[in-house]
Amino acid sequence: MSRKINIAIDGHSSCGKGTLAKNLAKELGYMFIDSGAMYRAVTLYLIQHQITLDEIPKNPSLLLEIDIDFRLDPMIGFYNTYLNGENVESEIRGMQVSKWVSEVSAVKEVRNYLVNKQQKMGEDKGVVMDGRDIGTVVFPDAELKIFMTAEPMVRAKRRYLELKSKDIEADLQEIYENVIHRDRFDSSRENSPLMQAPDAIVLNNTEMTRDEQAKIALTWAKGVILAG
Ligand code: DC
C-alpha cells in the first residue's frame with residue numbers, strides 16, 4: 001500500500017478550497033476536514049449562548065463545552081458538521097455566522113483550542129484539511145501544501161450560487177463585501193494570519209473549472225505520494 005500523507009489547502013475565502021479538498025479526499029480515500037466549519041461552529045455556539053468575545057479570555061474553559069465532529073452522510077458521500085451532537089451544516093453557512101466568524105477566529109484562545117483538535121485529527125496522516133493556517137500552523141510538516149486564490153468577484157459569485165442552490169437567502173453585493181472584509185481581516189490579524197507557506201504551491205483558479213483544478217491537484221498529490 002502507498003504511504004499516507006497530509007495535504008494542507010489554504011487560501012482566500014470562497015475560492016473553492018472545500019470543493020478541491022473534498023475531491024482530493026474522495027479520490028485518495030482520505031478524511032476531509034473543513035477547519036473553517038469548526039470556526040463557524042464555534043461562532044454559532046457563541047451566538048446561540050449570547051457569549052461575547054471579551055468573555056473568552058476571562059474564562060477560556062467555556063470552550064470545553066463546544067464539541068465539534070464530522071459525520072459522513074452516506075446519501076451524499078460527504079461529511080456534515082455536528083455541534084454538540086446536532087447537525088449544523090446549513091446553519092453555519094448562513095450570513096449571520098459569516099458576519100462574525102472572522103472576528104471569532106481572531107481570538108487566540110479559540111485558535112489554540114481548534115488547532116489542538118485539528119492536529120490530533122491529522123496524527124495518523126491521510127487527511128486533507130482546508131483553511132487559512134493549515135500549511136503554516138496546523139500541519140507545518142504537511143507533505144503537500146496548496147495555496148488557492150481567485151478574483152474576489154468570481155469568488156463572490158460562486159458563493160452566491162452555492163447558497164442559492166441550497167435555498168439559503170443570498171445577496172451578491174453583500175457576499176462580495178463579506179469576501180473582501182474577510183480577506184482583509186484574515187490576512188491582517190495578529191494570531192496566525194492567512195499566509196502562504198514558503199513551500200506551498202499556488203493554484204489560481206479564476207479561469208479554471210472544478211474538474212481542471214481537481215485534475216491538477218490530484219497529479220500533484222500522486223506525485224508526492226509516489227516520491228516518498
Ligand atoms: O473557509 P471558511 O470561509 O468557511 O472559513 C470561515 C472563517 O474561519 C474565515 O473567515 C477565517 C476563519 N478560518 C481561520 O481563521 N482559520 C482556518 N484554518 C479556517 C478558517
Side-chain angles (χ1 to χ4, degrees), residues 6-22 32-47 53 56 63 66 68 70 78-81 83 88-122 127-140 142 145-150 152 154-160 162-163 166 168 170 174-197 200 203 205:
N6 278 340
I7 301 177
I9 303 185
D10 292 302
H12 293 110
S13 299
S14 308
C15 62
K17 298 184 297 293
T19 306
L20 182 70
K22 273 181 207 168
F32 158 63
I33 297 166
D34 174 355
S35 69
M38 299 173 78
Y39 289 94
R40 287 173 180 272
V42 169
T43 305
L44 179 62
Y45 179 91
L46 298 178
I47 293 171
L53 294 187
I56 301 171
L63 295 171
I66 307 176
I68 300 163
F70 297 99
F78 287 131
Y79 289 85
N80 284 321
T81 310
L83 168 62
V88 291
E89 189 56 43
S90 51
E91 224 174 329
I92 59 170
R93 309 289 163 192
M95 279 315 284
Q96 200 195 10
V97 169
S98 294
K99 273 189 181 148
W100 284 110
V101 65
S102 276
E103 279 77 356
V104 171
S105 58
V107 177
K108 191 173 77 206
E109 290 76 10
V110 171
R111 299 210 74 81
N112 291 345
Y113 182 60
L114 292 185
V115 167
N116 195 276
K117 273 183 186 290
Q118 290 153 2
Q119 287 175 334
K120 286 207 177 98
M121 291 168 165
V127 162
V128 186
M129 192 177 291
D130 79 305
R132 306 292 188 289
D133 59 342
I134 312 305
T136 50
V137 177
V138 180
F139 299 147
K145 300 179 185 177
I146 300 175
F147 189 86
M148 290 179 68
T149 189
V154 169
R155 291 188 270 137
K157 280 186 183 154
R158 287 180 189 155
R159 177 56 64 111
Y160 173 81
E162 184 196 339
L163 292 175
K166 291 179 181 163
I168 300 173
E174 192 183 5
I175 294 173
Y176 175 71
E177 280 160 20
N178 182 252
V179 161
I180 299 278
H181 167 73
R182 286 197 291 146
D183 280 358
R184 208 170 293 142
F185 204 97
D186 296 345
S187 304
S188 60
R189 70 179 173 220
E190 196 181 326
N191 300 309
S192 354
L194 167 65
M195 234 181 354
Q196 185 187 326
L203 184 64
N205 66 10

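Both ligands and their constituent atoms are indexed starting at 1 by order of listing. None of the values given here were measured: they were computed from a predicted structure.
- The single protein non-hydrogen atom nearest to atom 18 (N) of ligand 1 is Asp133 OD1, 2.8 Å, given as residue, atom name and distance.
- Side-chain N/O atoms of Ser102 and Asp186 include a donor and acceptor closer than 3.5 Å.
- Side-chain N or O atoms of Asp133 include none that pairs as donor or acceptor with a backbone N or O of Val138 at under 3.5 Å.
- Per-residue contacts place Ser105 under 4.0 angstrom from the following atoms of ligand 1 (heavy atoms of the residue considered): 11 (C), 12 (C), 15 (O).
- Contact annotation: for Arg189 versus ligand 1, heavy atoms closer than 4.0 Å belong to the side chain alone.
- Among the atoms of Arg182, some N or O lies under 3.5 angstrom from an N or O of ligand 1.
- Closest protein heavy atom to atom 4 (O) of ligand 1: Arg40 NE, 2.7 Å.
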TODO: Take Arg40 and Ser98 through the side chain to side chain donor-acceptor pair (under 3.5 Å) test and state the conclusion after the steps.
DONE: CA-CA 7 Å; Arg40 287 173 180 272; Ser98 294; 3.1 Å; yes
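- Near Gly36, meaning under 4.0 Å from one of its heavy atoms, ligand 1 places the atoms 4 (O), 5 (O), 19 (C), 20 (C).
- For ligand 1, the polar-atom distance check finds an N/O of Ser35 within less than 3.5 Å of one of the ligand's N/O atoms.
- Applying the 4.0 Å criterion to heavy atoms of Ser102 picks out, from ligand 1, the atoms 10 (O).
- Using modelled atom types, one finds no donor on one side chain facing an acceptor on the other under 3.5 Å when comparing Lys108 with Asn112.
- When hydrogens are left out, the protein atom nearest atom 16 (N) of ligand 1 is Arg111 NH2, 3.0 Å; that is the closest non-hydrogen contact.
- Nearest non-hydrogen protein atom to atom 11 (C) of ligand 1 is Asp186 OD2, 3.4 Å.
- Contacts with ligand 1 closer than 4.0 Å are made by no heavy atom of Met38, backbone or side chain.
- Heavy atoms only, all atoms of each residue included: Met121 and Val127 are closest at O-CG2, 3.4 Å.
- Ranking the protein heavy atoms by distance from atom 9 (C) of ligand 1 puts Arg132 NH2, 3.3 Å first.
- The environment of CD in Gln119 is crowded: more than 12 heavy-atom neighbours from other residues, nucleotides or ligands sit within 6.0 Å.
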Open item on the list: Apply side chain to side chain donor-acceptor pair (under 3.5 Å) to residues Tyr39 and Arg111 and explain how you reach the verdict.
Closed with: CA-CA 8 Å; Tyr39 289 94; Arg111 299 210 74 81; 3.2 Å; yes
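- Side-chain N/O atoms of Asn205 and Arg158 include a donor and acceptor closer than 3.5 Å.
- When only interatomic distances are considered, the shortest N/O to N/O separation between Ser14 and ligand 1 does not fall below 3.5 Å.
- Within 6.0 Å of the NZ atom in Lys22, the count of heavy atoms belonging to other residues, nucleotides or ligands exceeds 12.
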